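This report concerns only the one structure given below.
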Amino acid sequence: MSSSPDLLSQRLHYRNWLDERRSAPAESVFLLAAGLSFAAIAVWALAPGLARLKSVVTALPDGLAIAAAAVLGASGVLTVLQRHAQLTQLQRSDWLAAQPISATVRAGFRRDQARLRGWLSAMPGIALCVYVGWPNPMLATTALAAAAIAIPLALTRKPRERPYRDQRSAASVRGARGLGILGASLEPAAARWPHTARFAAASLLLVPMGSGPVLVVALLLIATSLRALIDLIAHFAERLTESEAWLGAQPLAPQRLLAAFAPTLARRSALLLTIPLLALAASPAPLALWPVAAVAAVLGTLHAVLLTHAERHHPIRRRMHGAAHVVLLLLAAQILPPLALVAWLTVLLQLWRRRNV
Amino acid sequence: MSEMLVIRGAALRYGDHVVLNGVELQLARGDLLGLVGPNGSGKTSLIRAILGLRPLSAGRIEIDGIDVASDPRGARALLGFAPDPALLPGYLTLRQALDVAAAAREQTASDALLAFGDTLQLAPYWQRRIETLSLGTRQKLAILIALLGDPPLLVLDEVLNGLDPIAGFEVKQELQRRCANGTAVLLATHGLEMAPTLLTRAALLANGHIAKTWNADTIAQWRHEDPAAFERAVVATLRQLHDFRPA
């Protein structure tokens, strides 16, 4: 048995999850089959992209390719820092905080978890470098070395506790007061950077054969901005729901609550939409990329607003879910008709398990 | 005394499950009514209905003559409610959250309210993020939120939980002070032992309706003669209700 109660607790959590899966064999088999189908389709869809990417990377100047590999390899650093800080904060007041557990044991658990998360975050990038960089080993070596040096280094940084001022006046966030504090408190895009970076890296698979560096950079900028925009909207929906929960008993009109978020949301959305537009304009991108970018932004918005926020509102829950399901079915049917039913049934099953329909 | 809160035939159900069934309750200005009842008896559901956050399936709730169902914002402007400490936004500081809640009422936190916060020993915590604060400190913030704008009706659900002795004493004093000035207070609580010294009336919610009430005279008599009598009376009544079913 492990001497770390955190680890033991985590193992029991996984075991309970497995037991739960075993207790519903039909559902588990269906979900597994659906997952494998999607993975197979993903591999089938991405394979040509990987081949194209290989040709693109081969054509890139060595310096740029190696720098990109280093960035991919080190993408785990922010993940490590965030996970470490998050666990440190959690352990200060969790249910085991009052138990006589050695601080070293708990710190060890934190470091192991953060390191694991960092490597998991860096591995797709490294694997990509190994694949596209072959037979030039410099790319893979750079990515691996960057991760191997950066991840342990990130763990040596001790999460800081925020200093506090002993005063009761002047409550403001970046100049905002009153309800505006809610909008100003939206996390900056950088806070979700590891997540965004992974998405942006995956967008490299869309690079057309024979593309030059300008198009590669433009595509990265577009993907990063759109992902950040989707994250921003999802985060806003999350914060709006939280705010409704604790301010629900106040005589507050819904439009005033929305208006509290509007300035920050408008400013950041404008920036995150301008960047991809400029990148598209500056690149020799085919016109077809414009509607792709627009559809991605609309889908992200639908996902964030309809499924994250609206499902909390009982009176419109069924209609909202109905609309989301129709959209999902229509979209899936356009691309992969045989999988449409599987995709729809999977989503329905998950919602039913959460008692949301 | 004029009625500040009137509940008539309030019924509430979740699907086929009946939570409230014909609740009748009135609260006058200056009343400090304790709403007691077993776990799952529907106290929190009734409070959410009073706040206009849970529509009734039948019946009517009025706050100072305003129908909660038809004008929830108008009704909420007259009441103060302490949100569940677990729902407070962890990413804001205590002072920021208070300002946001005040802005939601189109007000600012008054000096008197901030001074009361200091009385509750919040001075070291104003600029601390809520996620780093203890349950008791969050509870103090929730109470300050309820007191914003000096509303004529306070609806409080287990607000004395987690408070340290000084804060608990100060909050009870403040509630009594406000009642003496005409504020009506509905306090859902399991703290039966403090009831005779704090409350002016009490009501027991069980099986979806008000199963028993105790008036001001009875409570005053217990206060002077037998402070433990209220607890015994509640337990005895609950034991008589053999068919009690959790909501």
Side-chain angles (χ1 to χ4, degrees), chain A residues 85-86 88-90 92-94 97-98 159-188 191 235 238-257 259-261 312-315 355, chain B residues 47-48 50-55 72-109 114-115 117-118 122-129 131-135 142 145-146 148-149 151 155:
Chain A
Q86 189 187 17
T88 306
Q89 180 67 41
L90 201 69
R92 276 191 195 119
S93 55
D94 71 357
R160 275 185 310 153
E161 229 190 319
R162 289 166 187 272
Y164 67 89
R165 287 160 289 159
D166 185 359
Q167 56 183 27
R168 68 185 193 193
S169 59
S172 73
V173 174
R174 288 185 274 278
R177 291 185 177 276
L179 283 176
I181 288 174
L182 292 174
S185 299
L186 283 174
E187 283 168 8
H235 183 42
E238 215 173 90
R239 282 282 164 89
L240 185 66
T241 311
E242 278 173 22
S243 304
E244 282 173 339
W246 74 280
L247 292 171
Q250 303 295 345
L252 178 64
Q255 56 269 31
R256 282 191 62 222
L257 194 54
F261 289 94
R312 303 287 183 95
H313 293 255
H314 291 262
R355 301 290 186 270
Chain B
I47 285 177
R48 288 182 66 78
I50 294 170
L51 302 174
L53 297 174
R54 177 68 67 190
R73 279 183 58 212
R76 285 176 200 153
L78 297 174
L79 67 84
F81 173 70
D84 182 343
L87 295 179
L88 293 170
Y91 56 91
L92 295 182
T93 66
L94 196 145
R95 185 70 178 84
Q96 286 167 353
L98 191 62
D99 276 8
V100 169
R105 302 185 75 89
E106 300 187 56
Q107 290 171 358
T108 52
L114 294 173
D118 286 344
L122 284 176
Y125 304 108
W126 288 116
Q127 301 298 336
R128 292 281 293 266
R129 280 159 71 105
E131 65 196 1
T132 67
L133 302 176
S134 67
L135 167 69
I145 290 173
L148 276 166
V155 179

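Treat the numbers as computed from the prediction; the structure is a model and nothing was measured. Lettering of chains follows the sequences in order, A, B, ..., and the numbering in each one begins at 1.
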The reported gap from OH in Tyr91(B) to CD1 in Ile181(A) (rounded to nearest 0.5 angstrom) is 10.5 Å
Could you check if a side-chain atom of Leu247(A) sits within less than 4.5 angstrom of a side-chain atom of Ile145(B), using non-hydrogen atoms only? no
I need the minimum non-hydrogen distance between Trp246(A) and Leu87(B), along with the two atoms involved. CB-O, 3.4 Å
State, to 0.1 Å, how close Gly178(A) and Ala103(B) come at their nearest heavy-atom pair, and which atoms those are. CA-CB, 3.6 Å
Interface check, chain A: of Pro83(B), Ala104(B), Gly52(B), Ala86(B), most non-hydrogen pairs under 4.5 Å belong to Ala104(B)
Does any backbone or side-chain atom of Ala97(B) lie under 4.5 Å from a heavy atom of chain A? Answer side chain, backbone, both or neither. both
Spatial distance of atom CG (Leu51(B)) from atom CD (Gln250(A)) [nearest 0.5 Å]: 10.0 Å
Compare every heavy atom of Leu252(A) with every heavy atom of Arg73(B), then report the nearest pair and how far apart it is. NE-C, 3.8 Å
Any chance you could measure Arg105(B), atom CZ, to Leu179(A), atom CG, to the nearest 0.5 Å? 12.5 Å
Could you look at Ala260(A) and say if it's the side chain, the backbone, both or neither that has a heavy atom under 4.5 Å from chain B? neither
